[in-house]
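As the structure lists them, so they are numbered: ligands from 1, and atoms in each ligand from 1. If you're wondering where the values come from, they're calculated on a predicted model, not measured in any experiment.
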Amino acid sequence: MTAQHPGNPIFDLRNLAFRETPSHNDPEKVRTIVEATGFFSDEELEISVELVRERLLLGIDSGYYFLFAEDNKGKLVGYTCYGPVTGTQSSFDLYWIVVDNDYQGYGIGKLLDGKTAGLVREMGGTRLYAETSSKKQYDPTRAFYRKTGYHEAAFLEDFYAPGDGKVIFVKRIA
Ligand SMILES: CC(C)(COP(=O)(O)OP(=O)(O)OC[C@H]1O[C@@H](n2cnc3c(N)ncnc32)[C@H](O)[C@@H]1OP(=O)(O)O)[C@@H](O)C(=O)NCCC(=O)NCCS
């Protein structure tokens, strides 16, 4: 699929390269795209960066797995961070899925999610969980999860703050 964005040259999804192993400059690349979304608090931003650092330090013992999508110039355009839920047989959490602002709406998120689900399946996973806020700001995020095969499994009222609940989505992948 080819898509054109005012801020971008013609972008072809077939030119995306996917990579699972983080490299030393990924923490800052992740910081850049996560921060630019404007979706996350400073604390959440630091957590997103910290998870990459922890993976670099501890390898897969960290429990954090990544899938990075880069364009043909090596620019990070999106990524997922996921991992097995401790104490469960085959449940996995999708901790982060982020697509660079300039590249949103072209199918990259769906592709990342689908490939991540495939990797989780290869690791024996059967369920993929994603959590998000019930605030209006996250309407697009919830719409994205519904469009990519997740359904709302639970709602925890006032979880993050009064008036800001947690919505837990789940996707059956095996
Ligand atoms: C959520 C996010 C990852 C989606 O990535 P994306 O590349 O823009 O999404 P895609 O283009 O692959 O869209 C996949 C589907 O979701 C739908 N969707 C995506 N954004 C949407 C929006 N804002 N409103 C309604 N539907 C939306 C698309 O219409 C598409 O449906 P289709 O397959 O029927 O055409 C991306 O917008 C993002 O990074 N947002 C900010 C960070 C965030 O909220 N992350 C999730 C919590 S960690």
| request: Number the atoms of ligand 1 from 1 as they appear, then name those within less than 4.0 Å of a heavy atom of A143, with their elements. | output: 25 (C), 26 (N)

| query | Which of the atoms in ligand 1, numbered in the order shown and given with their element, are less than 4.0 Å from a heavy-atom of G105? | reply | 6 (P), 7 (O), 8 (O), 11 (O)

| query | Rounded to the nearest 0.5 Å, how far apart are CD of Q137 and CG of D164? | reply | 9.5 Å

| query | From R55 CZ over to E50 CD, what is the distance, rounded to the nearest 0.5 angstrom? | reply | 14.5 Å

Report yes if [X] has an N/O atom closer than 3.5 Å to an N/O atom of ligand 1; otherwise report no.
X: Y106; value: yes
X: W96; value: no
X: K110; value: yes
X: V98; value: no
X: F39; value: no
X: L111; value: no
X: G109; value: yes

| remark: Besides L58, the hydrophobic cluster formed by Ile, Leu, Val, Met, Phe, Trp and Tyr side chains linked at under 4.5 Å, directly or via other members, contains L57

| NZ or CZ of K115 within 45° of F18 ring axis and under 6.0 Å | yes

| task | Return yes when at least one protein heavy atom is under 4.0 Å from atom 28 (C) of ligand 1, and no when none is. | result | no

| query | With a 4.0 Å cut-off, strictly under, does atom 9 (O) of ligand 1 pick up any protein heavy atom? | reply | yes

| Donor on one side chain, acceptor on other, T80 and T116, under 3.5 Å | yes

| task | Report the part of Y145 (side chain from C-beta onward, or backbone N, CA, C, O) that has a heavy atom under 4.0 Å from ligand 1; answer both or neither where that applies. | result | side chain

| said: With a cutoff of 4.0 Å, is Y138 in contact with ligand 1, counting heavy atoms of the residue only? | reply: no

| task | For ring pair (Phe, Tyr, Trp, His ring centres under 6.0 Å), just list the numbers for Y129 and Y150, CA-CA rounded to whole Å, side-chain angles, deciding distance to a tenth of an Å, and then say yes or no. | result | CA-CA 8 Å; Y129 290 86; Y150 292 79; 9.1 Å; no

| query | Which pair of non-hydrogen atoms, one from Y65 and one from G63, has the smallest distance, and what is that distance? | reply | CD1-O, 3.8 Å

| message | For K110, give me all partners under salt bridge (Lys or Arg N to Asp or Glu O under 4.0 Å), at least two apart in sequence or on another chain. | response | none

| task | Answer with yes or no after comparing the ring centroid distance for F40 and W96 against a 6.0 Å cut-off, counting only values under it. | result | yes

